Amino acid sequence: MISYIRGEIAAIEEDKVIVDVGGIGYSIFMPGRVMSSLPRVGSDVKIHTYLNVKEDAVQLFGFLSRDDLNVFRLVISVSGIGPKGGLSILSQLSANDLRYAVMSNDVKAISASQGIGKKTAEKLIIELKDKLNLEDVLNNKDVIEVSSGSAVANDVQQDAVSALVALGYGNTEALRAVRQVPVDPSCNVEDVLKQALKYLF
């Protein structure tokens with residue numbers, strides 16, 4: 001199995017990148033949102049890869065972070081979602097955004113991915129809830145910054161998310177905005193809500 005490829009970017013195409021490693025060009029399919037953040041042609045790059053072997057094709061799928069790759073593997077473990085479907089989902093949502101969508105049962109955010117219908121999105125949510133450690137999502141410093149008083153902070157954050165949803169924002173969108181607000185024990189729901197709204201405008 002090929003865990004990662006490090007080399008020089010030889011070409012960037014619509015849905016894949018060609019990486020030159022010792023004179024051999026590896027064609028690697030990547031999510032659209034990741035493609036836009038690749039360095040320019042001629043730059044060195046390290047891409048974490050998943051090798052998909054079928055009867056009629058051998059394909060590499062790649063990501064700039066190990067976390068994205070791990071989430072991709074979880075997504076394609078769901079029955080009915082293949083590598084192309086997994087790539088579509090991670091083109092629409094980042095790994096953390098997908099976590100938020102699963103945690104908040106946001107079928108709409110997931111089904112916005114090309115080729116992913118409502119039933120498939122619902123199935124993905126059900127199956128990934130058993131595989132992702134969602135209880136730690138709000139406590140993860142990479143998701144929401146909490147200086148102290150975590151239990152109190154989480155209550156405030158949850159209430160702020162609920163308030164944003166009541167205002168018409170999607171669950172995932174609301175979670176993403178709230179997690180950008182640094183929270184301390186002196187913060188109340190109104191404080192977090194005001195700051196979160198700034199990220200939504």
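Nothing here was measured: the structure is a model prediction, and the numbers come from that model.
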Quick one: side chain to side chain donor-acceptor pair (under 3.5 Å) pairs with a partner in residues 30-43, sequence neighbours left out? Arg33-Asp68

Name every donor-acceptor pair, under 3.5 Å, that has one atom in a side chain of residues 193-201 and the other anywhere in the protein, sequence neighbours excluded.
{"unit_1": "Lys194", "atom_1": "NZ", "unit_2": "Glu190", "atom_2": "OE2", "d": "3.3"}
{"unit_1": "Tyr199", "atom_1": "OH", "unit_2": "Gln180", "atom_2": "O", "d": "3.4"}

Applying ring pair (Phe, Tyr, Trp, His ring centres under 6.0 Å), name anything that partners Tyr26, two or more places apart in sequence or on another chain. none

Any ring pair (Phe, Tyr, Trp, His ring centres under 6.0 Å) pairs touching residues 176-195, not counting sequence neighbours? none

Do you know which two heavy atoms are closest between Glu13 and Met35, and how far apart they sit? O-CE, 2.9 Å

With rounding to the nearest 0.5 angstrom, report the CD1 to CZ distance, Ile81 to Phe72. 10.5 Å

Do the side chains of Val102 and Leu90 join up, straight or via other hydrophobic residues, at under 4.5 Å, putting them in one cluster? yes

Testing the basics here: between Val78 and Leu124, what is the closest heavy-atom pair and its distance to 0.1 Å? CG1-CA, 4.1 Å

Which atom names give the shortest non-hydrogen contact between Val192 and Ala160, and what distance separates them? CG1-CB, 3.7 Å

Residues Val45, Val19; criterion side-chain contact (heavy atoms from CB on, under 4.5 Å); working and verdict: CA-CA 8 Å; Val45 69; Val19 179; 4.1 Å; yes

Please give me the minimum heavy-atom distance between Ser91 and Gly32, naming the atom from each residue. OG-N, 2.8 Å

By side-chain contact (heavy atoms from CB on, under 4.5 Å), which residues pair with Ser27, not counting sequence neighbours? Lys16, Ile18

Heavy-atom closest pair (Pro31 atom, Phe63 atom, distance to 0.1 Å) is CG-CE2, 3.4 Å

Kindly list each side-chain donor-acceptor pair under 3.5 angstrom involving residues 113-121, sequence neighbours excluded, with atom names and distances?
{"unit_1": "Ser113", "atom_1": "OG", "unit_2": "Ile110", "atom_2": "O", "d": "2.9"}

Co-membership, hydrophobic cluster, residues Ile76 and Leu51, 4.5 Å side-chain: no

Are side-chain heavy atoms of Met30 and Ile47 found at a separation under 4.5 Å? yes

All side chain to side chain donor-acceptor pair (under 3.5 Å) counterparts of Ser65, not counting sequence neighbours: none

State, to 0.1 Å, how close Leu93 and Ala101 come at their nearest heavy-atom pair, and which atoms those are. CD1-CB, 4.5 Å

Residues which pass ring pair (Phe, Tyr, Trp, His ring centres under 6.0 Å) with Phe29, listed by chain and number, not counting sequence neighbours: Phe61

Could I get the full list of side chain to side chain donor-acceptor pair (under 3.5 Å) partners for Ser94, not counting sequence neighbours? Asp97

Contacts of Asp67 meeting side chain to side chain donor-acceptor pair (under 3.5 Å) (sequence neighbours excluded), chain-then-number -> Arg99

Determine whether Val161 and Tyr169 make a side-chain contact, defined as any pair of heavy atoms from C-beta on separated by less than 4.5 Å. no

Among residues at least two apart in sequence or on other chains, which ones pass salt bridge (charged side-chain N to carboxylate O under 4.0 Å, His left out) with Glu122? none

Distance check, rounded to the nearest 0.5 Å: Tyr4 atom OH versus His48 atom NE2? 9.0 Å

In this structure, CG of Leu69 is separated from CG of Leu64 (nearest 0.5 Å) by 11.0 Å

Results of side chain to side chain donor-acceptor pair (under 3.5 Å) for Glu8 - residues two or more places apart only: none

